[in-house]
Amino acid sequence: MPPEHKPLFVSSVAKRFLYCSGLLSLYHRVRNQRSLTVVMFHQVLPEDDPRWPDTDPNWTVTSHLFRNCLEFFRRHYNVIGIDDLLRAGDGGENLPARPLLITFDDGWADNEQYAAGILQEYGLPAVVFVVAGAVDQEGFWRERLYRQWRRGSLDADQLGGLWRALPDAEDTKPRDWTSAKAFWALANRLDTLDDVSRTALLNTIFQPSSALEGSVMLSTAQLGALAKARISIGSHGLTHTPIPLAANPQKELKDSRRRLVALLGLEERRAPLALSFPHGLYNEETVQLARAAGYRLLFTSDPHLTSADTANWQTALIGRLNISSGNITDRNGSFRPELLALWLFNRPRVFTGTRRKENARISSVASVRY
Ligand SMILES: [Zn+2]
């Protein structure tokens, strides 16, 4: 392989030097002056919370790491709220330099219990995209199954039985059900079932929900508390089904908005105007349906920045960057700001709305689950 085609290897020492010397920050200040960065969180919990052992580490950050991230955002960005984006208008003329929006997906109870208070301490706004049908509920089937699996309360017979009960179960050899790979292979296959078949199958092994499980998702009261704490509420669908795969996409889009209006006690004209696509999946039709349902800001899970110069926000598909603790900490779990800087500062920038034809498609970002 010619030298110029060798993959770029930057050692951890070099990464730290790039950050500590201020070079990365300088690069970011010049390059991203007119780029909107949107970050995506899911759960925020302290490690001593009883729910911590049951959370998925890929989609959960500790309260401490969340604070580290907020300090980082304050240092390198101007954090804006959803209202700033709604007011930005064509060309984003009212946006500050290096704008950043903090988002959360799903509507986890911990967002109100921990993240909201920390955001208030730092004086920063955010938006929580809520699965309207999950409010006051015990959570999504994937998370319930995951919790039972992590606790070791599902034995190999039960998991093997589920696997064999799936249609076209060609591979029926015994599996090591203690491995995460085997578990997620099962979960991904369950994902392909329709809701009724999957619920019937899972109800044979789901344990009765405990008080702990009951507090996993936001309650109506917590939703109201978030709204009062300068946290905007957006929609993440009605049932968390990917919109392009839903039997009735319009119902997912319209009824989630209606339900949020009812839960928050809002006037119809104050209905949430922002939507993040469940599982990050969308296509041209769902984009059109979402706009027809009244959404003015559409957020994907495609990992890119959005150019503030050219975007007409109300026709743009706004990308988001997931914050995963594994990507921004060292082996000891300590925050490494240079890793977060390298993840955020150098993402591709997408021009949407006015200059480039919209990139409406089924997202192929395989890592996006929520
Ligand atoms: Zn989600």
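Residue numbers run from 1 in the order of the sequence given. Values below: every heavy atom of this structure, side chains too, minus hydrogens, waters and symmetry copies. All values derive from a computational prediction rather than experimental measurement. Just follow the structure's listing: the first ligand is 1, and inside any ligand the first atom is 1.
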Using only N, O or S atoms, tell me which atom of [X] is closest to the Zn ion (ligand 1).
| X | result |
| --- | --- |
| His236 | NE2 |
| Asp106 | OD1 |
| His240 | NE2 |

Point-to-point distance, once rounded to the nearest 0.5 Å, from OG1 of Thr60 to CD1 of Ile323: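 That separation rounds to 13.5 Å.
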Nearest 0.5 Å, what's the CZ-CE distance between Phe129 and Met40?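 Phe129 atom CZ to Met40 atom CE measures 10.5 Å (nearest 0.5 Å).
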Backbone N or O of Glu285 within a donor-acceptor pair of the Asn283 side chain at under 3.5 Å?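 Answer holds: yes.
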Checking Phe345 against His76 for the ring-ring contact (aromatic ring centres under 6.0 Å, His included) test, could you report, in this order, the C-alpha distance in whole Å, the side-chain angles of both residues, the deciding distance, and whether it holds? CA-CA 10 Å; Phe345 294 172; His76 296 290; 5.4 Å; yes
